[in-house]
Amino acid sequence: MDILSNLALGFGVALSPFTLFLAVCGCFLGTIIGALPGLGPSNGVAILIPITFTLGLDATSALVLMTSVYYGAMYGGRISSILLNIPGDEPALMTTLDGYPMAKQGRAGDALVLSGVASFVGAFLATIGLMLLAPSLARVAFLFGPAEYFALYLLAFCTLGGMASNNQAKAALAACIGLGIATIGVDSSSGLPRLTGGNLHLYDGVDFLVAIVGLFAIAEVFFFIESHGKGSSIGVKLDKVRVPWADIWETKWTMLRSSGVGFVAGILPGAGASLGSFMAYMTEKSIAGEKGGFGTGVPKGVAAPEAGNNAAAGGALVPMLTLGVPGSGTTAVLLALLMTLNITPGPTLFTDRPEVVWGLIASLLIANIVLLLMNVPMVKVFVKILMVPAWILLPGVTMISFVGIYSLSGSYFDLLMMVGFGALGYILRKLDIPTVPVILGILLGGNMEDALRRAMTLSDGDAMYLFSSPIAIGLWIAAIAGFVAPMFLRNILKKPQAVTD
């Protein structure tokens, strides 16, 4: 009954005309921000925070607006991933693996509608989970120490071979390149620069947004120039846009499983939506097996990461609200906003300021419905992007990428580095080396190193500490199996096929 009464309080706040207006505006702005290559939820929220102070919004209104932008950006990130093979943000990276192949098959509209429904399912269930299970699920994070986090990230890298390429060695090489790039900058422990070559611009490390825009957007332009526009993969012809009811029904269990995986990943502080998207995709890929066709444009490969990353976005709010610990980069920005507004997140927030917490939860429930209604009927508007000639579209995307990166950092060096990553992406793709492990290496490498350092500090350098809990041992076993098993399974599955041929 307490939940129902608190939810009634929340809807009383959320259904006020002004709060409802803020939620709708946040959803619309967030979708646009998420769809633009190079931007993402964390940067979108950070850019729009000054608006909350300019408008003089109170804590509840400011939080409703920013979290609506957050959820909207998570929805919008799939658009450029499916239409252009350029992730709008980090979590949408996994959507490119099957979303873009679906678009090339003439099913861009189906992929966009399916991903919108999957995003709704993941975000809606995560909001319900936040409402019902926030205090108890927050305790799950305490089960993960440095050893468990290190094993978790190791699991992610060990399974990259089976996900990103048919060649385990090339995938491992790509992951090592990404991990190497992640070490660039000042060492947080010793304070000494690493791999900077004396360049002061590299002391802060390599910005993930610079890398992802370069490896995807700029590399795509290089391939377009090489082909002189012939056979450009951007010029996808579309059939009639419709709601793919068969695909939605086929992927219903995928959406539910991925929502659960993403939500659990989201409540782990520091894991974020990127890991939620990855783990959801890999879970469904392992269930489907080699015959599942993941990476070729299957609906489950689109539904899984979208449900996973949107569920993780909701899950990341759990540690922020109940423990005051950000679960992702975006919730770290939201945490800073709350503290600026003299709101202290933690266990007492639910009792001291219930109108803030429950007004937020009710607004998120409403925002999810708004986003579904906004993203599904407006699919035709989004797919019209593909009708623009590639010789106009690609330079336009490049210009947006340059303007977006420069507006965030104000550094010309980041623009040069982005072009350098574009050249690296071009070379890797010519050598048939996947770029996804590079991106994930840059994204997760810093966190993996920090977890290893903390583990070694706590154990006085005893490496056996990394195997000190059943969770860590289970993750190590899963990591080894995830790297070795595809080598044998691929050969086993190919043998019968060779006989029948």
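Every value quoted in this text rests on a predicted model; they were computed, and no experiment measured them.
By the salt bridge (charged side-chain N to carboxylate O under 4.0 Å, His left out) test, Lys430 is found to be paired with Glu226, residues two or more places apart in sequence or in another chain being considered. Residues passing the side-chain hydrogen bond (donor to acceptor under 3.5 Å, both in side chains) test with Thr296, sequence neighbours excluded: none. Under the rule for a side-chain hydrogen bond (donor to acceptor under 3.5 Å, both in side chains), Ser286 has no partner lying at least two apart in sequence or in another chain. For Phe11, the ring-ring contact (aromatic ring centres under 6.0 Å, His included) test picks out no residue, with sequence neighbours left out. Looking at residues two or more places apart in sequence or on another chain, you find a side-chain contact (heavy atoms from CB on, under 4.5 Å) between Leu20 and Ile366.
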Please output the side-chain donor-acceptor pairs of residues 114-123 that fall under 3.5 Å, not counting sequence neighbours, one pair per line with the distance.
{"unit_1": "Ser115", "atom_1": "OG", "unit_2": "Arg78", "atom_2": "NE", "d": "2.6"}
{"unit_1": "Ser115", "atom_1": "OG", "unit_2": "Ala111", "atom_2": "O", "d": "2.9"}
{"unit_1": "Ser115", "atom_1": "OG", "unit_2": "Leu112", "atom_2": "O", "d": "2.9"}
{"unit_1": "Ser119", "atom_1": "OG", "unit_2": "Ser115", "atom_2": "O", "d": "2.8"}
{"unit_1": "Ser119", "atom_1": "OG", "unit_2": "Glu306", "atom_2": "OE1", "d": "3.0"}
{"unit_1": "Ser119", "atom_1": "OG", "unit_2": "Asn310", "atom_2": "ND2", "d": "3.2"}

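Using a 4.5 Å cut-off on side-chain heavy atoms (C-beta onward), Phe263 and Leu125 make no contact. No side-chain heavy atom of Val302 sits less than 4.5 Å from a side-chain heavy atom of Asp247. Looking at Tyr281 and Asn309, their side chains never come closer than 4.5 Å, going by heavy atoms from C-beta outward. Side-chain contact between Trp253 and Ile287: absent, with no pair of heavy atoms (C-beta onward) separated by less than 4.5 Å. Between Ser68 and Leu22 the shortest side-chain heavy-atom distance does not fall below 4.5 Å. Within the 4.5 Å cutoff, no side-chain heavy atoms of Arg257 are placed close to those of Thr283. Counting heavy atoms from C-beta on, the side chains of Ile82 and Met102 never come closer than 4.5 Å. Residues Phe124 and Thr127 are not in side-chain contact: their nearest non-hydrogen atoms beyond the backbone lie 4.5 Å or more apart.
Pairing each heavy atom of Ile248 with each of Met255, the nearest pair is O-CE, 4.3 Å. Considering every non-hydrogen atom in both Gly276 and Ala312, the closest pair reads CA-CB, 4.2 Å. Taking all atoms of both residues into account, the shortest heavy-atom contact from Val261 to Ala280 is CG1-N, 3.8 Å. Heavy atoms only, all atoms of each residue included: Ser81 and Thr96 are closest at CB-CG2, 3.6 Å. Here the shortest heavy-atom pairing between Pro305 and Met94 reads CB-CB, 3.7 Å. Closest heavy-atom contact between Ser259 and Ala307: OG-CB, 3.9 Å.
Formation of a donor-acceptor pair under 3.5 Å by the Thr67 side chain with backbone atoms of Val64 is found in this model. Side chain of Asp98 to backbone of Phe294: no donor-acceptor contact under 3.5 angstrom is found. Using a distance-only test at 3.5 Å, with no hydrogens or angles considered, a donor-acceptor pair links the side chain of Tyr70 to the main chain of Ala313. Side chain of Thr19 to main chain of Leu15: no donor-acceptor pair is present (N/O by atom type, distance under 3.5 Å, no hydrogens or angles).
Between Tyr71 atom OH and Leu364 atom CG the span is 5.0 Å, to the nearest 0.5 Å. We find the CG-CG distance between Leu63 and Leu360 to be 4.5 Å, quoted to the nearest 0.5 Å.
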> Given Ile369 and Leu365, is the side chain to side chain contact (heavy atoms under 4.5 Å, CB included) satisfied, shown in steps?
Replying inline: CA-CA 7 Å; Ile369 297 173; Leu365 292 172; 6.0 Å; no
> Taking it one step at a time, do Phe421 and Val438 satisfy side chain to side chain contact (heavy atoms under 4.5 Å, CB included)?
Replying inline: CA-CA 11 Å; Phe421 273 109; Val438 179; 5.6 Å; no
